[in-house]
Novice: 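Let me give you the structure first, and then I'll get to my questions.
Both backbone and side-chain heavy atoms feed into the values below; hydrogens, waters and symmetry mates do not.
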Amino acid sequence: MTPRDDYRDPLAAALHRGLDWLDQMPERPIPPGVDADTVKDALGRELPQTTQDAREVIERLADAVEPGLLASQSPRFYGWVIGGTYPVALAADWLTGAWDQNGGMRYASPSTTAVEDVAAEWLLDLLGLPAHSGVGFVTGATTANFVGLAAGREHVLAKAGWDVNANGLQGAPRVRVLAGTERHGSVDLALRYLGLGAATLVPADDQGRIVVDALADALAADDGPTIVCLQAGNVHSGAFDDVGAAVAVAHEAGAWVHVDGAFGLWAAASPRLRHLMEGYATADSWATDAHKTLNVPYDCGVAIVASPQDAHTAMGVRAAYLVAAEGATDPHEMAPEMSRRSRGVPVWAVLAWLGRDGVAALIDRLADGAAALARGLADVPGAEVVNDVVYTQVCVAFADDATTGAVAAALRDEGVAYAYPSRWRGRDVVRFSVSNWATGPDEVAATLDAVRRAVATVG
């Protein structure tokens, strides 16, 4: 058997099972049907003693795993901000796996890094961000926040005369981080990774937007090294901080400004919704996800830093065995990974396929789906939409927390549509995050019917 033949049987099996899985999406119940122990039993608990047939291994894997999968690619899945997968993105991702390049080093893989270079240039243009910015393709928005905040830590400490790379944080001037009370938990996690501790919290309004006057007061309280974290797209309300005004007061105080835009940053690609992002391009760093709104496969986040050298100083590494590409930086200088798959390739594929107008249409369609859900939910007996629906998020509550939880459970148990319970501003809510490219009017109508059945079940 030739090496070529070695690949054909397992890849053919994977193609068949993958297409079969995707064909199920329109009708498959969304919640997992079995628990982890059942999956482990089906996989086999004991390590085989001898080599197994590759195709049979793939078939056994699919047989064991599929019953326990969450059908998050369903167009009626709203449980978290999880996108679906565009066919062209999945195809590009399969090619990426077949090519098996280390996307962290330009010298080792000039082709895939060139693809990512083009994707980065297109992203900056599409999102209206400074063309000189550095772009890193990372695992997700948590890591993208980490990169932006690491660059910020480097910048503000260097301004204060401290070399954090040489001297570490012990004995350094304290870096104060200001964030709104409704910042996403990934910001807190990134700050922990960076040894910066908990943020000083600034009040937010009833939609979760940072109060700019309160930010100005907080900035005035201390003139030491400061980073300000802003938000584009609150995870409950979808609301956007007044980034332009907040950046102005932060820069006046000498602070670095980072914008967590995991799903909201994409509003900048829509002429209709771009007003939500007014002034955001004046910030210093930004984080977003492509595996959310752009609907590429997991995992793919994007870290963007207006002054690339700050990121390179924070993230970069030099070693004798690393051959630097002449006249260019390596991708690993914009990310905390030296070795990674070329995850920017599916981003290029989606952007090349959709084009500028297609991306705008995608963003508008997601927002339209949320608006239609909100209108329909407002007519469901006992339901109250509790946020101003400005983007892709809808939160609904019922008579009391117990009823809200029961409706969420009934919706999940039926499996036609999937939204996840959360708690926001002192109330239990059911949160709908419209993130899938395939969610259209028919899917919204089917979702509303499912909610009505859930409410009727609860009584």
Side-chain angles (χ1 to χ4, degrees), residues 72-73 75-78 80-89 119-129 135 140-141 144 184 207 230-241 243-244 259-281 283 286-297 300-302 304 346-375 387-394 431-444 447:
S72 56
Q73 291 156 301
R76 297 179 308 281
F77 176 84
Y78 314 95
W80 296 276
V81 189
I82 294 177
T85 307
Y86 270 125
V88 70
E121 291 170 9
W122 287 357
L123 282 172
L124 294 175
D125 179 37
L126 192 66
L127 298 175
L129 295 175
V135 178
H184 192 271
Q207 296 300 305
L230 302 176
Q231 183 173 231
N234 181 281
V235 76
H236 286 103
S237 69
F240 292 69
D241 287 344
V243 176
V259 178
D260 172 19
F263 62 99
L265 202 67
W266 295 95
S270 162
R272 195 183 88 194
L273 297 170
R274 194 173 293 148
H275 67 278
L276 296 169
M277 299 289 293
E278 186 174 352
Y280 77 107
W286 305 263
T288 193
D289 272 319
H291 58 229
K292 288 185 170 68
T293 308
L294 196 61
N295 281 243
V296 307
C300 187
V302 186
I304 305 171
V347 174
W348 176 88
V350 170
L351 296 180
W353 178 61
L354 284 178
R356 189 186 305 275
D357 292 345
V359 175
L362 165 65
I363 309 308
D364 290 348
R365 186 165 65 250
L366 298 178
D368 289 344
L373 270 175
R375 289 192 299 269
N387 66 304
D388 297 336
V389 179
V390 297
Y391 192 48
T392 58
Q393 306 297 95
V394 183
R431 189 188 64 168
F432 292 79
S433 300
V434 184
S435 307
N436 192 303
W437 66 274
T439 302
D442 290 345
E443 289 71 30
V444 169
T447 299

Novice: What closest approach, in Å, do L351 and A119 show between heavy atoms, and which atom pair accounts for it?
Specialist: CD1-O, 4.1 Å

Novice: What do the steps show when you test K292 against S435 for side-chain contact (heavy atoms from CB on, under 4.5 Å), and what is the final call?
Specialist: CA-CA 6 Å; K292 288 185 170 68; S435 307; 5.7 Å; no

Novice: Any idea which heavy atoms bring A360 and A269 closest together, and the distance?
Specialist: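 Shortest heavy-atom contact: CB-O, 3.4 Å.
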
Novice: When you compare the side chain of V444 with that of D442, does any pair of heavy atoms fall below 4.5 Å?
Specialist: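 Not touching, per the 4.5 Å side-chain cut-off.
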
Novice: Would you check if the side chain of N234 reaches a backbone N or O of H236 as a donor-acceptor pair within less than 3.5 Å?
Specialist: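 Answer holds: yes.
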
Novice: Considering non-hydrogen atoms only, spot the tightest contact between V347 and A290 and give its length.
Specialist: CG2-CB, 3.9 Å

Novice: Quick one: pull up CG in N436 and CZ in R365 and give me the separation to the nearest 0.5 Å.
Specialist: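 Atom-to-atom, N436:CG and R365:CZ are 9.5 Å apart.
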
Novice: So how far is it from H184 NE2 to F263 CZ, rounded to the nearest 0.5 Å?
Specialist: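 Going from the NE2 atom of H184 to the CZ atom of F263 covers 8.0 Å.
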
Novice: Quick one, S433 with Q393, criterion side chain to side chain donor-acceptor pair (under 3.5 Å). Give me CA distance, side-chain angles, the key distance, then yes/no.
Specialist: CA-CA 5 Å; S433 300; Q393 306 297 95; 3.0 Å; yes

Novice: When you measure from the side chain of T288 to the backbone of A262, do you find a donor-acceptor pair of N or O atoms at a distance under 3.5 Å?
Specialist: yes

Novice: When rounded to the nearest 0.5 angstrom, what distance separates CZ in F432 from CG in L373?
Specialist: 6.5 Å

Novice: Salt-bridge test for R272 and D368: reply yes if a basic N is under 4.0 Å from a carboxylate O, no otherwise.
Specialist: yes

Novice: List the steps, then state whether side-chain contact (heavy atoms from CB on, under 4.5 Å) holds for R431 with V394.
Specialist: CA-CA 6 Å; R431 189 188 64 168; V394 183; over 6 Å; no

Novice: Could you go through T447 and Y78, starting from their C-alpha distance and side-chain angles, then the distance that decides it, and tell me whether this counts as side chain to side chain donor-acceptor pair (under 3.5 Å)?
Specialist: CA-CA 10 Å; T447 299; Y78 314 95; 2.7 Å; yes

Novice: Kindly give the heavy-atom pair with the smallest separation between A120 and V135, and that separation in Å.
Specialist: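 Closest approach of A120 to V135, heavy atoms only: CB-CB, 3.6 Å.
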
Novice: Only one of T85, N295, I82 forms a side chain to side chain contact (heavy atoms under 4.5 Å, CB included) with Q73, so which one is it?
Specialist: T85

Novice: Is the shortest heavy-atom distance from the side chain of I363 to the side chain of T293 under 4.5 Å?
Specialist: yes

Novice: Under 30°, 30 to 60°, or over 60°: which ring-plane class applies to W348 and W122, parallel, tilted or perpendicular?
Specialist: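 Aromatic pair W348/W122 classed parallel.
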
Novice: For the residue pair W353 and Y86, categorise the inter-ring angle as parallel (less than 30°), tilted (30 to 60°) or perpendicular (more than 60°).
Specialist: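 Correct class here is perpendicular.
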
Novice: Do you know the tightest heavy-atom contact between D289 and G301?
Specialist: OD1-CA, 3.6 Å

Novice: Could you tell me the separation between the CG atom of L123 and the CG atom of L129, rounded to the nearest 0.5 Å?
Specialist: 9.0 Å

Novice: Does the pair E278 and F240 meet the rule for a side-chain contact (heavy atoms from CB on, under 4.5 Å), with working shown?
Specialist: CA-CA 10 Å; E278 186 174 352; F240 292 69; over 6 Å; no

Novice: Sub-3.5 Å donor-acceptor pair from the side chain of T439 to the main-chain atoms of P75, do we have one?
Specialist: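 Yes, because the side chain of T439 sits within donor-acceptor range (under 3.5 Å) of the backbone of P75.
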
Novice: Should L126 and W266 be marked as a side-chain contact (heavy atoms from CB on, under 4.5 Å) after you check the CA-CA gap, both sets of side-chain angles, and the distance that decides it?
Specialist: CA-CA 9 Å; L126 192 66; W266 295 95; 4.2 Å; yes

Novice: Answer yes or no: is there a donor N or O on one side and an acceptor on the other, between the side chain of D260 and the main chain of Q231, under 3.5 Å?
Specialist: no

Novice: Quick one: does Q207's side chain have a donor or acceptor within less than 3.5 Å of a partner on D388's backbone?
Specialist: yes

Novice: Do the side chain of D241 and the main chain of V243 share a donor and acceptor less than 3.5 angstrom apart?
Specialist: no

Novice: Answer whether the closest heavy-atom distance between the side chains of Y391 and L366 falls below 4.5 Å.
Specialist: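 No. Closest side-chain heavy atoms not under 4.5 Å.
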
Novice: side-chain hydrogen bond (donor to acceptor under 3.5 Å, both in side chains) with R356: which residues, sequence neighbours excluded?
Specialist: D125

Novice: Are P346 and C300 close enough that some pair of their side-chain heavy atoms sits under 4.5 Å apart?
Specialist: no

